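What follows is a short report on a single structure.
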Amino acid sequence: MNDCKLLELDTQQTWDDTRFPIAYGPENPAMDLNDTVAWVGENRESLLQQCTRHGAVALRGFPTDTVESFDQVIRALEVENFPYERSLSNAVRINRTERVFSANEAPPEVQIFFHHEMAQTPLYPQYIFFYCEIAAEQGGATPLCRSDVLYEKLQQRCPDFCAACERHGLQYTNVMPGSDDPTSGMGRSWQKTLGVETRDDAEARLRTLGYSFLWQDDGCLKAVTPPLPAVMEVSPGRKTFFNQLIAAYCGWKDARNDPSKAIRFGDGSPLDADAVAVAIELSDELAYDHAWQQGDVVLLDNRVAMHARRSFVGTRKVVASLAEMQTQSLVTA
């Protein structure tokens with residue numbers, strides 16, 4: 001990784017021979033954007049491999065002063081764009097470039113809990129990239145959590161629960177509004193979520209994806225996913241707690257949604273509340289809070305690391321980009 005140096009970040013973690021996140025900064029303070037884009041392109045394979053091995057790569061101190069410069073950095077990685085409009089995510093986002101969109105537009109006082117991006121849908125990105133345009137006056141950190149480390153510890157404390165997660169998977173229920181609700185962290189309309197305009201098209205899309213559904217009297221749409229994996233084997237013997245359990249259990253609450261009804265095992269049985277509490281406890285214990293500085297870029301392997309958002313004061317603008325769309329379904333023996 002010539003022209004750049006390893007950095008130490010506050011509260012950076014070490015797991016075996018990995019750093020979480022591993023962080024780089026420019027060796028030469030005169031490094032310009034063209035040099036940065038060239039460096040990313042030359043080291044793209046190594047950077048992506050380190051995303052998977054370490055969970056996250058943080059780039060700090062580079063001349064990435066604008067959203068457009070972040071877009072150039074992402075393009076240099078040569079990963080396939082996953083446009084947000086094609087996703088089944090329930091969060092309201094605003095596109096800034098073809099590849100880059102705002103992070104969750106939920107109000108600043110709303111905490112967003114740990115999750116793997118779009119793990120509650122059949123379609124998810126392998127990578128998610130973040131960029132800080134404006135750091136919050138107070139708070140606003142993005143907590144990260146190594147999901148493989150969490151799952152290893154969860155297996156030690158709640159082996160029966162983990163076995164049930166692997167055997168049955170999880171099923172998610174979400175009520176989508178008839179129009180965008182910017183006051184909610186899950187307020188994206190059913191039209192935008194499903195990429196449709198009519199009820200007939202919405203029903204056809206849901207049937208294709210294996211969802212069940214029910215229209216509400218107020219025009220909202222209640223959708224229930226097919227059973228989806230709760231655990232992913234990223235490489236032989238390396239399993240991650242790949243799901244939206246914590247976010248759904250703790251945070252899927254608004255005028256339409258009740259967290260107690262948002263998630264169950266894939267066979268319809270209720271979750272063990274004590275085991276879920278342990279998973280939440282472990283995620284808090286294992287959290288690394290990335291305190292944003294303007295221009296920071298964080299590259300995340302979405303299969304390995306969960307992310308969240310702390311509440312904040314002042315203006316905070318963090319944008320994101322998704323790459324390499326994957327599909328998932330529960331495979332039972």
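The first residue of the sequence shown is numbered 1, and numbering continues consecutively from there. Source: prediction; values computed, not measured.
A salt bridge between Asp258 and Lys253 is absent, with no side-chain N of the basic residue lying under 4.0 Å from a carboxylate O of the acidic one. Contact check on Asp301 versus Arg146 returns no salt bridge, with no Lys/Arg side-chain nitrogen under 4.0 Å from an Asp/Glu carboxylate oxygen. Using a cutoff of 4.0 Å between basic side-chain nitrogens and carboxylate oxygens, Glu203 and Arg207 are scored as salt-bridged. With respect to the salt-bridge test (charged N to carboxylate O, under 4.0 angstrom), the residues Arg188 and Asp180 do not qualify. A salt bridge is defined here as a Lys NZ or Arg NE, NH1 or NH2 lying under 4.0 Å from an Asp or Glu carboxylate O, and Arg75 with Glu98 meets this definition. Arg96 and Glu68 are not joined by a salt bridge, as no carboxylate oxygen comes within less than 4.0 angstrom of a charged side-chain nitrogen.
Summarising the local packing, CD of Glu285 is surrounded by more than 12 heavy atoms from other residues, nucleotides or ligands at distances under 6.0 Å.
Remark: Ile22 CD1 to Gln12 CD distance equals 8.0 Å, nearest 0.5 Å. Between Thr225 atom OG1 and Arg264 atom CZ the span is 12.5 Å, to the nearest 0.5 Å. The distance from atom CZ of Arg303 to atom CZ of Arg238, rounded to the nearest 0.5 Å, is 8.5 Å. Between atom OG of residue Ser147 and atom CZ of residue Phe241 there is a gap of 7.5 Å, rounded to the nearest 0.5 Å. Ser283 contributes atom OG, which lies 5.5 Å from atom CZ of Phe114 (distance to the nearest 0.5 angstrom). From Ile74, atom CD1 reaches atom CZ of Arg99 across 7.5 Å, with rounding to the nearest 0.5 Å.
Counting only N and O atoms by type, the side chains of Gln244 and Gln120 include a donor and acceptor under 3.5 Å apart. Using modelled atom types and a 3.5 Å distance limit, the side chains of Thr64 and Tyr131 yield no donor-acceptor pair. One side chain, Asp201 or Thr198, offers a donor N or O that lies under 3.5 Å from an acceptor on the other. Side-chain contact check for His290 and Asp296: at least one donor-acceptor pair (N or O, by modelled atom type) lies under 3.5 Å. Between the side chains of Thr97 and Asp71, at least one donor N or O lies within less than 3.5 Å of an accepting N or O. Looking only at atom types and distance, the side chain of Thr18 has no donor-acceptor partner in the side chain of Asp16 under 3.5 Å away. A donor and an acceptor atom, one from each side chain of Asp148 and Thr240, are nowhere located under 3.5 Å apart. No side-chain donor from either of Tyr127 and Glu117 sits under 3.5 Å from a side-chain acceptor of the other.
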- [ ] Apply side-chain contact (heavy atoms from CB on, under 4.5 Å) to the pair Glu85 and Lys192, showing each step before the final yes or no.
- [x] CA-CA 7 Å; Glu85 64 185 18; Lys192 290 183 180 178; over 6 Å; no
Open item on the list: Test salt bridge (charged side-chain N to carboxylate O under 4.0 Å, His left out) on Glu281 and Arg157; report intermediate values, then the result.
Closed with: CA-CA 12 Å; Glu281 173 193 328; Arg157 294 180 57 179; 3.1 Å; yes
TODO: Verify side-chain hydrogen bond (donor to acceptor under 3.5 Å, both in side chains) between His168 and Ser269, making sure each step is shown before the conclusion.
DONE: CA-CA 9 Å; His168 300 302; Ser269 60; 5.6 Å; no
Open item on the list: ring-ring contact (aromatic ring centres under 6.0 Å, His included), that's the test. Do Tyr124 and Phe242 meet it? Break it down for me.
Closed with: CA-CA 11 Å; Tyr124 69 91; Phe242 184 81; 4.9 Å; yes
Task: Evaluation steps, side-chain contact (heavy atoms from CB on, under 4.5 Å), between Thr121 and Ser89 - done: CA-CA 8 Å; Thr121 81; Ser89 174; over 6 Å; no
TODO: Report the C-alpha separation of Phe62 and Trp39 in whole Å, then their side-chain angles, then the decisive distance to 0.1 Å, and conclude whether the ring-ring contact (aromatic ring centres under 6.0 Å, His included) test is met.
DONE: CA-CA 11 Å; Phe62 290 90; Trp39 176 80; 5.4 Å; yes
TODO: Go through the steps to decide whether Phe130 and Val319 satisfy the test side-chain contact (heavy atoms from CB on, under 4.5 Å), and finish with yes or no.
DONE: CA-CA 6 Å; Phe130 292 108; Val319 296; over 6 Å; no
- [ ] Tell me, with the steps shown, if Ser184 and Asp181 meet side-chain hydrogen bond (donor to acceptor under 3.5 Å, both in side chains).
- [x] CA-CA 6 Å; Ser184 169; Asp181 176 6; 4.7 Å; no
- [ ] Would you please test Tyr151 and Gln156 for side-chain hydrogen bond (donor to acceptor under 3.5 Å, both in side chains) and show each step?
- [x] CA-CA 9 Å; Tyr151 192 59; Gln156 295 169 1; over 6 Å; no
Identify every side-chain donor-acceptor pair in residues 76-83 under 3.5 Å, counting partners at least two apart or on other chains, and give the distances.
none

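Residues Val298 and Leu59 are members of separate hydrophobic clusters, defined by side-chain heavy-atom contacts under 4.5 angstrom among Ile, Leu, Val, Met, Phe, Trp and Tyr. Neither Leu7 nor Phe20 shares a network with the other; the hydrophobic side chains, linked directly or stepwise wherever heavy atoms of I, L, V, M, F, W or Y lie under 4.5 Å apart, form separate groups for each. Met118 and Leu245 fall within the same hydrophobic cluster, where Ile, Leu, Val, Met, Phe, Trp and Tyr residues are linked whenever their side-chain heavy atoms come under 4.5 Å apart, directly or through other members. The cluster map of Ile, Leu, Val, Met, Phe, Trp and Tyr, joined by side-chain heavy atoms under 4.5 Å apart, puts Val73 and Phe101 in different clusters.
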